[in-house]
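Mind looking over this structure? Questions follow.
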Amino acid sequence: MEDVLSSVRRADWLLIAPVFLIMVVGLITNIPVDAVAVNSLIVKQTVFVLIAMAIILAGTAVDYAILRGPLVPLLLYSASAAVLVSLLLFAPEINGAKSWFPIGPIAVQPVDFAKLVLILTLARFFVIRHTHLRHVIISLILTGTLFLLVFAQPDLGSSVILIAIWIGIIFVSGVSRRHIMWLAVAATFVALVGWQFIPEYQKDRVLAFIEPLENLESAGYTTNQAKIAIGSGMLFGKGIGEGTQANMGFLPLYESDFVFAAFAEEWGFFGVMLLLLSYGIIGWRLLVHARQGRTSFEALTIVGIFALIFSHMAVHVGVNTGTLPVTGITLPFMSYGGSHLIAEAIAIALVLSMARRQLPGTSAELSRRRIA
């Protein structure tokens, strides 16, 4: 027990503290103004937050070494792909998508864990294979398989995050920039072809983004309400529980996909700056740990986690501010939901576990590191 407490005390609290802060702020933002003593949404989210905090603290004392072998990431990847296939075959359709497995009072979204599994798989793959174009193509196939399974649900937002993870890892893996250029050309071609297969409601969202004033009553409604909420927060916000856009029903999904807008309305510009500062500290600490990783596997894994968290944040904030088309993406550590919160907690716990083996001051190139 003393060893556990010692590990917690010596942990990177500059990383843990802002994560905990964002979780608590998200919990406060999710409380409706007319909340009763026992509110199922708040009760469930409180449980999720406490579990996530426990997982993160456990990461300070747990050894992640089992993940470093070649077999475990492969098994996890195979299991994730199998679960995503079973979603398409057996899961009920909820809100027009087969993305959740209902389990009692909660619904589990497997793609949140598949993102983390993809990070581990790509990190392990690029430790020993990254010099030839065929290796890059294999990594793209690994990513593309999960991408297609998620896209078929359909979940365009999570599909984009999977690609962002691949891009983040490949840019620091030592892959030739020439290979990346050719892949960018190929990706542009695939995107143009893929537009033909995007569901109509997703196309409407893109068109609403291009012509926002002509779609205020349809596909552009939610984005417009989000921008109203953000603007009405002004400098210091309306106060906790006083956000009219969220609490009067004008802003749909204010507790998940549009929690940033709900937060901005209640906390204002200064609150938003503090929130973004918290994310900035998290990003800084992740990059420090990536730089100090003992091996390429550790460094690439942490870079992948950085890409996961900040692609989520960038897309979520972009959607809420109207600078990106609407897609269902949660804000890390803050949005309502257990699956993404637990997966993100596991990611941070993994970083903290890796930090126990770091070499302080390491500045070697990622591409020169090897499994110890």
Side-chain angles (χ1 to χ4, degrees), residues 11 15-32 39-60 62 80 83 94-95 97 99-120 150 155 157-158 161-162 164-165 253-263 275 278-279 281-283 285-286 302 304-317 319-320 327-353:
L15 173 59
I16 297 173
V19 170
F20 282 8
L21 176 63
I22 294 172
M23 287 182 182
V24 173
V25 168
L27 191 60
I28 295 172
T29 305
N30 284 329
I31 299 177
N39 182 290
S40 61
L41 183 149
I42 297 305
V43 170
K44 287 194 289 186
Q45 189 64 7
T46 300
V47 173
F48 293 147
V49 167
L50 292 175
I51 293 174
M53 289 180 172
I55 290 172
I56 289 173
L57 293 178
T60 64
V62 173
S80 295
V83 171
I94 302 175
N95 295 330
S99 300
W100 298 270
F101 274 131
I103 302 177
I106 64 174
V108 177
Q109 192 167 15
V111 68
D112 290 317
F113 302 97
K115 295 168 187 173
L116 188 54
V117 168
L118 179 64
I119 291 171
L120 294 172
V150 174
D155 185 350
S158 292
I161 300 301
L162 292 172
I165 290 170
L253 300 174
Y254 77 89
E255 74 281 0
S256 55
D257 296 348
F258 289 90
V259 72
F260 177 81
F263 172 82
L275 178 65
S278 298
Y279 279 112
I281 294 173
I282 293 170
R285 297 310 301 166
L286 289 177
I302 298 174
I305 290 171
F306 177 92
L308 167 67
I309 292 173
F310 284 89
S311 60
H312 257 276
M313 189 193 77
V315 174
H316 181 96
V317 173
V319 168
N320 277 240
T327 184
I329 285 293
T330 55
L331 186 59
F333 313 116
M334 190 168 180
S335 291
Y336 172 77
S339 296
H340 80 88
L341 189 60
I342 299 303
E344 290 154 4
I346 293 173
I348 297 299
L350 188 57
V351 174
L352 294 171
S353 178

Between atom CD1 of I282 and atom CD1 of I305, what is the distance when rounded to the nearest 0.5 Å? 12.5 Å
For M313 and L275, what are the C-alpha separation, side-chain angles and deciding distance, and is it a side chain to side chain contact (heavy atoms under 4.5 Å, CB included)? CA-CA 11 Å; M313 189 193 77; L275 178 65; over 6 Å; no
Which heavy atom in L308 sits nearest to a heavy atom in S311, and how many Å separate them?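 Looking at all heavy atoms of both residues, the shortest contact is O-OG, 3.2 Å.
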Considering non-hydrogen atoms only, spot the tightest contact between H316 and T330 and give its length.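 Residues H316 and T330, closest heavy atoms: ND1-C, 3.5 Å.
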Side-chain (N320) to main-chain (D257) donor-acceptor, under 3.5 angstrom: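 Yes.
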Minimum heavy-atom separation for L57 to T60, with atom names?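 So the minimum-distance heavy-atom pair works out to O-OG1, 2.5 Å.
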Can you sort out the partners of S99 under side-chain hydrogen bond (donor to acceptor under 3.5 Å, both in side chains), two or more places apart, ordered by chain and number? Q153
Treating S339 as the side-chain partner and Q109 as the backbone partner, does any N or O pair qualify as donor plus acceptor under 3.5 Å? yes
Please tell me if the side chains of I56 and M23 come closer than 4.5 Å, counting only heavy atoms from C-beta onward. yes
In this structure, OG1 of T46 is separated from CG of L27 (nearest 0.5 Å) by 4.0 Å
Under the side-chain contact (heavy atoms from CB on, under 4.5 Å) test, which residues partner I51, sequence neighbours left out?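 Partners of I51 under the side-chain contact (heavy atoms from CB on, under 4.5 Å) test: V47, I55, I342.
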About how many Å separate CZ of F260 and CG of L331, when rounded to the nearest 0.5 Å? 8.0 Å
Would the distance check show the side chain of T327 and the main-chain N or O of G157 forming a donor-acceptor pair, the cut-off being under 3.5 Å?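 Such a contact is found between T327 side chain and G157 backbone.
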Does G337 offer a backbone N or O that forms a donor-acceptor pair with the side chain of Q45 under 3.5 Å?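 Side chain of Q45 to backbone of G337: a pair is present.
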Looking at residues at least two apart in the chain, or sitting in another chain, which of them share a side-chain contact (heavy atoms from CB on, under 4.5 Å) with V83? S86, F101, P110
With sequence neighbours left out, write down each residue that passes ring pair (Phe, Tyr, Trp, His ring centres under 6.0 Å) with F306, or none if nothing qualifies. F310
Where do A107 and W100 come nearest, in terms of heavy atoms and distance? CB-CB, 3.9 Å
Provide the full list of salt bridge (Lys or Arg N to Asp or Glu O under 4.0 Å) pairs with a residue in residues 104-120, sequence neighbours left out, each pair given once. D112-K115
Given the rule in the side chain to side chain contact (heavy atoms under 4.5 Å, CB included) test, do V150 and I161 qualify, once you have shown the distances and angles that lead to the verdict? CA-CA 11 Å; V150 174; I161 300 301; over 6 Å; no
Which donor-acceptor pairs under 3.5 Å do side chains of residues 343-352 form with protein atoms, sequence neighbours excluded?
from: E344; atom 1: OE1; to: F333; atom 2: N; distance (Å): 2.9
from: E344; atom 1: OE1; to: H340; atom 2: ND1; distance (Å): 3.2
from: E344; atom 1: OE2; to: H340; atom 2: ND1; distance (Å): 3.1

Please round to the nearest 0.5 Å and tell me the distance separating atom CD1 of I22 and atom OG1 of T29. 11.0 Å
Any donor and acceptor pair, going by atom type alone, linking the side chain of Y336 with main-chain N or O of K44 inside 3.5 Å?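 Pair absent, no side-chain N/O of Y336 close to backbone of K44.
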Write down the atom of A307, the atom of A164, and the distance for their closest heavy-atom approach. CB-O, 3.9 Å
Determine whether a donor-acceptor pair (N or O, by modelled atom type, separation under 3.5 Å) exists between the side chain of H312 and the backbone of I329. no
Ignoring hydrogens and angles, tell me if any N or O in the side chain of S278 forms a donor-acceptor pair with the backbone of P18 under 3.5 Å.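 Checked: no pair found.
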